[in-house]
Amino acid sequence: MPNCVCGKYSRLLKAIVVVAIPVLLGVYLLPPEVDPMEFPDFDKTALSTKTAFVLGHTGGIGQQIVRLLLEKRIFKNVVLIGRREVDFGSDPLYKDVIQRVVDFDKIEEHPQAFEGVDVGFCALGTTRAKAGKEGFIKVDHDYIVNSAKVAKAAGCQHFSLISSTGANPNSWFLYPRVKGETERDVEALGFPRVTIIRPGVLEGERAEPRLVERVAVCAFKPIKYFRPTALSVPMVTVAKAAIVDTFLKPEDGKATEILDNAALHHRGVHFDKIFG
């Protein structure tokens, strides 16, 4: 038991160090905070004839994406793709949502789940603590990339991937390496447009709290006071930024766009200006 406890806290300390050192260095190297960028006004009904799907809709960010899409009536149809149907009870907000059940281990056998989709939001993910090393790789890489392949074949035009700050396919550490490999492999599929979203430490309530995030949020509070967009971001802000991004044309016609933590804060502000 003592060895087990020591091992647990050793992994926790390692995780904090892996995240904290590059982020803290980045805070001092980043330029001063700037005002939120100005975006051109857009027609908030422009996607009202389109269909969006959400992967990972039971997680913290996925739940926020679904709620906002439905509240603001941004798309004609919102499709939730997952391993089971979610019971939303009598909540009228979810009465028109479409749920399609799939087996992610055999996602290629479920092309009908992605039929008619235009935009995809992927917030699928787990943790090594919950799923183990192989389970983490399966969910955060294999399930996402294989689902993206099926979505691309079905005609999806824009794939928005929730990834993480520090994602790097060449990293020595498992978490950033897998995130980086997933980004690379999704981009290689050749979607007309891919958005890679790299939030920092996530703020907000989860159904399954993550100890590392809680510790990091507390540890970074003094820095956040001076640099509010540098280290962390509320999950609802990530959702708002992902949605706003679907309305914007990528700079210089690039097929792939990467949004860092600061960009998420800025686009979240623009969501509030447009949708209230």
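Please read these numbers as outputs of a predicted model, since none were measured by experiment. Quick note: numbers below take in every heavy atom, side chains included, and nothing from hydrogens, waters or symmetry partners.
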Problem set entry | Residue pair V101 / E85, side-chain heavy-atom distance below 4.5 Å | yes

Exercise. Are D105 and R83 within salt-bridge range, i.e. N to O under 4.0 Å?
Worked result: no

Problem set entry | Step-by-step side chain to side chain contact (heavy atoms under 4.5 Å, CB included) determination, V150 to N146 | CA-CA 7 Å; V150 180; N146 292 337; 5.9 Å; no

Exercise. Salt-bridged, R198 to E183, with N to O below 4.0 Å?
Worked result: yes

For this session: Would you check if there is a donor-acceptor pair between the side chains of T195 and H158 at a distance under 3.5 Å?
Result: yes

For this session: Treat each ILVMFWY residue as a node, draw an edge where side-chain heavy atoms are under 4.5 Å apart, and state whether F191 and I107 are in one component.
Result: yes

Problem set entry | Minimal non-hydrogen separation, A242 against S160, with atom names | CB-OG, 4.2 Å

Exercise. Can L124 be reached from V78 by stepping across I, L, V, M, F, W or Y side chains whose heavy atoms are under 4.5 Å apart?
Worked result: no

For this session: Looking only at non-hydrogen atoms, find the nearest pair between G89 and D87 and report the distance.
Result: N-OD1, 2.8 Å

For this session: Quick one: pull up NE2 in H270 and NZ in K240 and give me the separation to the nearest 0.5 Å.
Result: 13.0 Å

Problem set entry | Shared hydrophobic cluster, F75 / L55 (ILVMFWY, side-chain heavy atoms < 4.5 Å) | no

Exercise. Which is it for D245 and R193 under the salt bridge (Lys or Arg N to Asp or Glu O under 4.0 Å) test, yes or no, and what are the steps along the way?
Worked result: CA-CA 11 Å; D245 182 69; R193 187 176 175 201; 3.1 Å; yes

Exercise. F104: what forms a ring-ring contact (aromatic ring centres under 6.0 Å, His included) with it, not counting sequence neighbours?
Worked result: Y143

For this session: Take I98 and L80 through the side chain to side chain contact (heavy atoms under 4.5 Å, CB included) test and state the conclusion after the steps.
Result: CA-CA 6 Å; I98 301 168; L80 310 184; over 6 Å; no

Exercise. Taking the six-membered ring where the residue is Trp, are the ring centres of F136 and Y175 under 6.0 Å apart?
Worked result: yes

For this session: Examine distances only and state if a side-chain atom of Q99 and a backbone atom of V86 form a donor-acceptor pair shorter than 3.5 Å.
Result: yes

Problem set entry | Validation row: V194, I196 side chains within 4.5 angstrom (heavy atoms) | yes

For this session: Using modelled atom types only, decide if a donor and an acceptor are shared between the side chain of T165 and the backbone of P199 within a distance under 3.5 Å.
Result: yes

Exercise. Hey, are D185 and H141 close enough side-chain-wise for a donor-acceptor pair under 3.5 Å?
Worked result: yes

Problem set entry | Which atom of H265 lies closest to which atom of P234, heavy atoms considered | CE1-CD, 4.1 Å

For this session: Evaluate side chain to side chain contact (heavy atoms under 4.5 Å, CB included) for F121 paired with L69, printing each intermediate quantity in order.
Result: CA-CA 11 Å; F121 298 93; L69 291 178; 4.0 Å; yes

Problem set entry | Side-chain heavy-atom pair L189, K149 within 4.5 angstrom cut-off | yes

Exercise. Under 6.0 Å between the ring centres of F114 and F53?
Worked result: yes

Exercise. Do the side chains of K106 and E108 get nearer than 4.5 Å, heavy atoms only?
Worked result: yes

Exercise. Which distance, rounded to the nearest 0.5 Å, do you find between the CZ of R184 and the CG of N170?
Worked result: 8.0 Å

Problem set entry | Validation row: L202, V233 side chains within 4.5 angstrom (heavy atoms) | yes

Exercise. Which pairs with one or both residues in residues 64-82 pass side-chain hydrogen bond (donor to acceptor under 3.5 Å, both in side chains), sequence neighbours excluded?
Worked result: T51-N77, Q64-R67, R67-E71

Exercise. According to a 4.5 Å side-chain heavy-atom criterion applied to Ile, Leu, Val, Met, Phe, Trp and Tyr, with indirect links allowed, do V238 and F275 form part of one hydrophobic cluster?
Worked result: yes

Seminar exercise, completed: Smallest heavy-atom separation, G200 atom then N261 atom, equals N-OD1, 2.6 Å

Exercise. For the side chain of N168 and the backbone of R177, is there at least one donor-acceptor N/O pair under 3.5 Å apart?
Worked result: no

Exercise. Counting only N and O atoms by type, is there a donor-acceptor contact under 3.5 Å from the side chain of Q157 to the main-chain atoms of G155?
Worked result: yes

Problem set entry | Test log, rule side chain to side chain contact (heavy atoms under 4.5 Å, CB included), inputs D142 and I144 | CA-CA 5 Å; D142 299 350; I144 292 174; over 6 Å; no

Problem set entry | Straight-line distance of C122 SG to I162 CD1, nearest 0.5 Å | 8.0 Å

Seminar exercise, completed: Distance col, row T246:OG1 vs D118:CG, nearest 0.5 angstrom, shows 11.0 Å

Exercise. Is F88 reachable from I65 through a run of I, L, V, M, F, W or Y residues, each pair having side-chain heavy atoms under 4.5 Å apart?
Worked result: yes

Exercise. Would a distance-only check, ignoring hydrogens and angles, find a side-chain to backbone donor-acceptor pair under 3.5 Å from T127 to K130?
Worked result: yes

Problem set entry | Stepwise salt bridge (Lys or Arg N to Asp or Glu O under 4.0 Å) check, E257 with R267 | CA-CA 13 Å; E257 183 178 23; R267 297 196 180 199; 2.9 Å; yes

Problem set entry | Side chains of T182 and L161 in contact at under 4.5 Å (non-hydrogen atoms) | yes

Problem set entry | Minimum heavy-atom distance between H57 and Q63, given as atom pair plus value | O-CG, 3.3 Å

Exercise. Does a side-chain heavy-atom distance below 4.5 Å link V54 with V79?
Worked result: no

Seminar exercise, completed: When every non-hydrogen atom of A113 is compared with those of V102, the smallest separation belongs to CB-CG1, 3.7 Å

Exercise. Would you find a donor on one side and an acceptor on the other, under 3.5 Å apart, between the side chain of D140 and the backbone of G125?
Worked result: no

Exercise. Roughly how far, to the nearest 0.5 Å, is CZ of F271 from CZ of F247?
Worked result: 8.5 Å

Exercise. To the nearest 0.5 Å, how far apart are OG in S163 and CD1 in I258?
Worked result: 9.0 Å

